[in-house]
Amino acid sequence: MNINFFEQVYSYRELCIKKDLREIAMWGRLLEDINEELGDLIKLEKQMINNLKLAGTLQALRRDVILCTAGFCKFEQELQKELEYGKNEYGDLHIQLIEKHRMRYLKIVENLAMLKRNVHQRLLEKRIK
């Protein structure tokens, strides 16, 4: 009976870590897309808008995306090690870490949406003038 219980706990732990690995990989791919989109917005700003404050904000978000991507890569490596070699229980600390990464990712998505609205607004103002 005890062996079955420990197998179930290990299976649950393994399943949760694999789920987290998939989620981190998805966020990483989406951050790559965001980085490319920011590159396009930066070009658009340079060619059509010419606003130093907006250019700085775009560059700052791009920097955040790159740092977040690096953090995801490091966290992904740690999860992979834990999956392969670790024996730690999947608990509150692990859940807090994944939530911290999720919130960081969601903040970038939110900032990108605000920046895109700002760019569109400025382009419309340029067109009206």
Side-chain angles (χ1 to χ4, degrees):
M1 185 81 170
N2 275 346
I3 293 174
N4 191 18
F5 172 75
F6 289 117
E7 287 174 1
Q8 287 176 344
V9 169
Y10 180 76
S11 177
Y12 172 76
R13 175 190 163 280
E14 185 178 336
L15 182 67
C16 290
I17 292 172
K18 285 181 179 180
K19 178 207 58 89
D20 291 345
L21 281 167
R22 285 188 198 104
E23 198 167 25
I24 290 287
M26 178 191 66
W27 294 338
R29 285 190 300 275
L30 293 172
L31 285 175
E32 288 174 17
D33 293 343
I34 288 171
N35 194 39
E36 286 181 30
E37 188 171 2
L38 283 169
D40 294 340
L41 288 172
I42 288 168
K43 288 177 190 173
L44 190 63
E45 184 282 324
K46 282 181 183 175
Q47 293 174 0
M48 300 184 77
I49 299 172
N50 284 328
N51 181 290
L52 289 176
K53 185 176 178 182
L54 179 60
T57 305
L58 287 165
Q59 289 292 348
L61 183 57
R62 190 172 219 186
R63 180 180 177 276
D64 286 346
V65 168
I66 291 168
L67 291 173
C68 187
T69 301
F72 282 176
C73 289
K74 184 177 182 226
F75 187 57
E76 186 176 23
Q77 289 172 348
E78 290 169 5
L79 284 175
Q80 197 64 43
K81 277 186 204 173
E82 182 61 34
L83 181 65
E84 291 177 22
Y85 306 111
K87 301 293 182 207
N88 296 327
E89 186 178 321
Y90 189 93
D92 289 340
L93 179 62
H94 185 83
I95 292 169
Q96 288 172 356
L97 283 173
I98 196 78
E99 281 303 311
K100 180 182 118 185
H101 287 288
R102 181 190 326 276
M103 296 313 293
R104 189 172 183 193
Y105 167 75
L106 291 174
K107 186 70 175 166
I108 286 173
V109 170
E110 181 182 315
N111 288 340
L112 176 64
M114 288 188 316
L115 266 175
K116 285 167 49 173
R117 282 192 297 273
N118 191 346
V119 167
H120 290 140
Q121 182 180 4
R122 289 177 185 270
L123 286 173
L124 288 172
E125 288 171 2
K126 286 274 186 183
R127 187 164 189 246
I128 292 172
K129 290 179 182 179

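In plain terms, the two heavy atoms of N88 and E82 that are nearest each other are N-OE2, 3.1 Å. Residues H101 and G71 approach most closely at CE1-O, 3.9 Å, considering heavy atoms. Of all the heavy atoms in C68 and R104, the pair that sits closest is N-NH2, 3.5 Å. Between L31 and V65, the shortest heavy-atom contact is O-CG1, 3.6 Å. Nearest heavy-atom pair, D64 versus I108, reported as atom, atom and distance to 0.1 Å: O-CD1, 3.8 Å.
One finds the CZ atom of R62 at 12.5 Å from the CG atom of L115 (value rounded to the nearest 0.5 Å). Put simply, CZ on R22 and CG on L79 are 12.5 Å apart, with the number rounded to the nearest 0.5 Å. Separation of atoms CG (L15) and CG (L83) is listed at 10.5 Å; rounding is to 0.5 Å. With rounding to the nearest 0.5 Å, the separation of CG in L38 from CD in Q59 is 9.0 Å. One finds the NE2 atom of H120 at 13.0 Å from the CD atom of E125 (value rounded to the nearest 0.5 Å). With values rounded to the nearest 0.5 angstrom, E99 atom CD is found 9.0 Å from L106 atom CG.
Proximity of L21 to Q80: side-chain heavy atoms (C-beta onward) are separated by under 4.5 Å at one or more points. You'll find the side chain of R102 reaches within 4.5 Å of the side chain of E23, heavy atoms only. Using a 4.5 Å heavy-atom cutoff, the side chains of H94 and D20 are in contact. Looking only at side-chain heavy atoms (C-beta outward), L123 and V119 come within less than 4.5 Å of each other. Contact check for L67 versus R63: side-chain heavy atoms found under the 4.5 Å cut-off. With contacts defined as side-chain heavy-atom distances shorter than 4.5 Å, the pair L112/L41 qualifies.
Residues L52 and I42 do not share a hydrophobic cluster, defined by chaining ILVMFWY side chains whose heavy atoms lie under 4.5 Å apart. F75 and I66 end up in different hydrophobic clusters when Ile, Leu, Val, Met, Phe, Trp and Tyr side chains are linked at under 4.5 Å. Hydrophobic clustering of Ile, Leu, Val, Met, Phe, Trp and Tyr side chains at less than 4.5 Å, counting indirect connections, unites L30 with I24. Residues M114 and M103 are members of separate hydrophobic clusters, defined by side-chain heavy-atom contacts under 4.5 angstrom among Ile, Leu, Val, Met, Phe, Trp and Tyr.
Around atom CG of D92, no more than 12 heavy atoms belonging to other residues, nucleotides or ligands sit under 6.0 Å away. No more than 12 heavy atoms of other residues, nucleotides or ligands lie within 6.0 Å of CE in M48, so this atom counts as exposed by the packing criterion.
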Checking salt bridge (charged side-chain N to carboxylate O under 4.0 Å, His left out) for the pair K81/E78: CA distance, chi angles, key distance, verdict?
CA-CA 5 Å; K81 277 186 204 173; E78 290 169 5; over 6 Å; no
Using salt bridge (charged side-chain N to carboxylate O under 4.0 Å, His left out), reason through E32 and R29 one step at a time and then give a plain yes or no.
CA-CA 5 Å; E32 288 174 17; R29 285 190 300 275; over 6 Å; no
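Sorted pairs that involve residues 42-60 and meet salt bridge (charged side-chain N to carboxylate O under 4.0 Å, His left out), not counting sequence neighbours, are lacking altogether.
Under the side-chain hydrogen bond (donor to acceptor under 3.5 Å, both in side chains) rule, N118 has a single partner from Q121, K116, R122, which is R122.
The aromatic rings of Y105 and W27 sit parallel, their planes meeting at an angle under 30°, below the 60° perpendicular limit.
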